[in-house]
Amino acid sequence: MRPQPPSGTPAPVCGMSAGGCDGAADWPADVSDGSSLPAVELPRKRKGDMEERNSTDCKMEDDLSRSEEEDQQVKIKCFREPHRQIEKRRRDKMNNLIDELSAMIPACQPMVQKPDKLTVLRKAVQHLKALKVGTSSAFADSTNKPSILPQDDFRQLLLRAADGFMLVVSCDRAKILFISESVSKILNFSLLELTGQSLFDFIHPKDINKVKEQLSSWEYPQEHMIDAATGLQVQTDAPIKPTHLSSGAWRSFFCRMKHSRVAGKQEEKHQLPCTAKKKDTSRYCTLHCTGYMRSCPSSQLDSEGDAETPSLSCLVMLCRPLPHGSPEPPKHINAKPSAFVTRCAIDGKFTFVEQQATTVIGYLPQEVLGTSCYEYFHQDDLQHLAEKHRQVLRSKEKIETQCYKFKTKYGSYVSLQSQWFSFTNPWTKEVEFIVSSNRVMSGPGHIKDEEAGRLKAMQEEIPIIPSLSNGVGTMIYAGSIGTQIANELIDSYSRVNSSQSSGASSPFGSTNEKCPLVSPPISTSASSGGGAASSSSQPDSRTAAGASSATADSSGQVSQLDLDGMVVPAMSSFSSDEAAMAVIMSLLETEVNVGQPGDYEDLHWPF
Amino acid sequence: MTADKEKRRAISREAARRRRRVESEVFEDLSRLLPLQQSVRDHLDKPSVIRLTLSYIRMHTLLTGKTGTKAEASHKVICGQVTDGQMVRHEFNGGCGEDEEKEKYDAEASEETNMYLRILEGFLMVLSTEGDMIYLSENVSKYMGLTQTELMGHNIFEFSHPCDHEELRNNLRVTAEEVWSGEKRDFVMRIKSALTHRGRSANLKSATWKVLHCQGRSKVCVAPSSVSCLLLTCQPLPLSHTLLSTQTFTSQHSMDMRFTYCDQRMTLLLGYSTEELLGRSIYDLCHTRDTNCLTKNHFNLCFKSQSVSGRYRMLVRGGGYVWVESHSAVIPNAHSSKSRPGANQPLCILCVTYVLSGVEEPSLQLSLDQTVHI
């Protein structure tokens, strides 16, 4: 009779535990217990007895007056209690395993009643015997090491998982000595077409030298090796750590290999990144080749192989196409000529402009780089865009602007709508730049009449010099809007930084043991320090307390700047548009949020 | 206690012992059927026997079952050629007179398999949609310090870092929902390793975390039973002893990804001098559309200490860009003050960047950093 599982919350399937190192507690019980459960006097196996013992103990708990004898019994109870827990866990685990087993065995499926443990086990034995009837006898009773999977299956599985193919080439002439069948799925060539050929026939011409270099040396030149522990190039006298490199040097490189179009095959779903070459009609895909050098006994060479070299060195590699999910080549991005991406520093100065922008704004990227975006915004839009600017610097979300007008090279305005997103450095948590996706909403021809009138008036005032708006003064003032907004942000950084202790934020340390908390590490300096101290299970040199002092330094310098000091000198230099600027500045000042440290409480990980 | 009760207890104890004996015998039968070495077999406890049996059955299903859409139904268990086209099983006609050949084949096959594993520089893991490690290749002991039989059948969540559980769960959930096989996966996870520095196995209680780069694809089996799983290769990310070709360069960065060092190959390949780059953020040097890729890479570095970026574009000085891929890791800063070795060493990021393409659109200047007067 199979004991029924005790009532109550069942143990998780297969002992899955959510805690960090908690799994370790279960582990020794499973592995070290090589024998069956000992037959002890305590009848723990039978549920009835267990309950009886339970009830006795419960009664004892309720007893308030304790004599020494009862104390003793309490102690025993306390000892048995965790033991009981362990037993319960074990039993539950076993029961779960049995259940899983019965689910996998076809013979157990149609049973109406849940079969008992012994039956399931017996059926499992039968099932295994049946499975082995039709399989390769490499399984059992082999003098070689038997393995769970037959060798061939394993290799196939591996190549499928690695999504690559095996390649063995001779080092002298790059003859393909062996290539696994999986290549046909990746390069669309058959084995016949490849085996025995020279590898260079299939490599992209520009990569041939690189591959030659990788094939050439049996012993790697020291100056090209790097040591992972220090990141420095290996010195000739430094001992190379004894790793798995017993026979030869390790190679890892990327190269492009030809891949053929097979007639009739659907190419749209092709997941390989390919670069179509202009002159050559072949298509190439980029492969990551990793492997090592070894000497091949001559028996593995074909009959044409060199007779005078009994042992040849060859390179044994696994070639994998690059993973999917990488950005598409530029040609696909150009699909929508009316959209382009730009990047600005936090003060609004362009630092990156895509080439498609030229068709929209007329300027070449280099004409615009370094200038402030505010110089191109229409006066009417300045306020709303400044507001969005301020917003995006403080938000993790994408900010949509309304439609606004952007001055093109020729003086006309084009209507754009943008999505702004501020990029925060994952380490320093500071905003580094703003990425803007800009979409053309409508051409100049769609502007309403009254606006068109005003526009025309403005156009007449515009000097012929490109990239200047009406008057040098306005340009500089416009630019300073961005600078001021940026300075507000930098000030808020310095305010936060000055309030924390000497160690700057280090998310690497504080979150190594526990999951990242929602509140940013900047303001929880105390907890990050505590977290650093408790990360005892970290390997020696990688510690939690790694502080990046650069953060504190850079913001310390900037905090010297005075908000007002930035604007006033500029204003006094130019008298003409002073009034207009004053209006704008007053609008901004009333909205200035003096960057409380509290602002950063709302920020959370963007991931 | 009455004599009667005593007697009943004795009988029930006897019955229990008998049951246990029978059960043990069946367990032994089962373990003998598993393809394991005798020495390993002797040390298996009952739950392990079941675990391994489960793995065996599941793997068998996986390899012989029909793959395809979940909508299909098939009742035949196919032993032999599989419609998948990738998996072709070799059959042996009995064993009479061919033992010697078979042994030689086995030896060669085993050698070839070892070669595959060595090239892979990692181990193979097959994960069920619940996270059970249905299968692990034998060399897993080299990376985790625990043997294949100790680990197979256990759940990955017991061995991976809790902060990576979410990502794992997502990957598994997507696998469970998939209809077609073959969707690719690529992620980094931290796993417990019971290896000491010298490579010896220690107790799991003193386990350290090892970072693994997992790549692979899903596999959906329809018949005989619906088994979806993830086939993954798990590789640690070694940066050492790599022969750097002329198309690769190394660079070091502070934790915020600003350059602190780069080797002269960077100048040859991208045109920037070392002095120009010091203090510059890598984000400024790359195409804006690749910001997400770089951010993910950075994030992996901050939390998992190692990362493989996808492909991204680095801007070349003077104009244009190249496609690159970076393998990075966080290491203690060797250049820092040597007077204080040990716990408080500051960290830095080491990157090995492979240049994948030629310079594209060389006349195009997209960024401020490319312009000559900087």
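Only heavy atoms go into these numbers, but all of them, side chains included; no hydrogens, no water, no symmetry mates. Proteins come first, then strands; the chains are lettered A, B, ... in the order of their sequence lines, and each starts at number 1.
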Of B:Leu34, B:Leu117, B:Asp29, B:Val355, the largest count of non-hydrogen pairs under 4.5 angstrom with chain A goes to B:Leu117
Does the plane of the ring in B:His161 sit parallel, tilted or perpendicular to the ring in B:Trp209? Use 30° and 60° as the thresholds.
tilted
A:Phe154 meets the ring-ring contact (aromatic ring centres under 6.0 Å, His included) criterion, sequence neighbours left out, with none
Side chain, backbone, both or neither of B:Leu230 within contact of chain A (heavy atoms, under 4.5 Å):
neither
Any side-chain donor-acceptor pair under 3.5 Å between A:Arg320 and B:Thr233?
yes
Who among A:Thr342, A:Leu364, A:Asp163, A:Val435 has the most heavy-atom pairs with chain B under 4.5 Å?
A:Asp163
Which atoms of B:Ser281 come close to chain A, meaning under 4.5 Å heavy atom to heavy atom: side chain ones, backbone ones, both, or neither?
side chain
Quick check: do B:Ser55 and B:Tyr135 have side-chain heavy atoms less than 4.5 Å from each other?
no
Whatever's closer than 4.5 Å to a heavy atom in chain A on B:Val308 counts as neither
Which atoms of B:Leu30 approach chain A - backbone, side chain, both or neither, heavy atom under 4.5 Å:
both
Among B:Thr291, B:Thr288, B:Leu120, residue most engaged with chain A (heavy-atom pairs, under 4.5 Å):
B:Thr288
Just by distance, do the side chain of B:Lys142 and the backbone of B:Glu121 share a donor-acceptor pair under 3.5 Å?
no
So, for B:His60 and A:His127, is the gap between ring centers shorter than 6.0 Å?
no
Taking only residues two or more places apart in sequence or in another chain, which ones pass ring-ring contact (aromatic ring centres under 6.0 Å, His included) with B:Tyr283?
A:Phe423, B:His298
Counting heavy-atom pairs under 4.5 Å with chain B, the top scorer among A:Lys349, A:Arg122, A:Lys206 is A:Arg122
So which part of B:Arg185 gets closer than 4.5 Å to some heavy atom of chain A, the side chain, the backbone, both or neither?
neither
Honestly, the part of B:Met152 sitting under 4.5 Å from a heavy atom of chain A is side chain
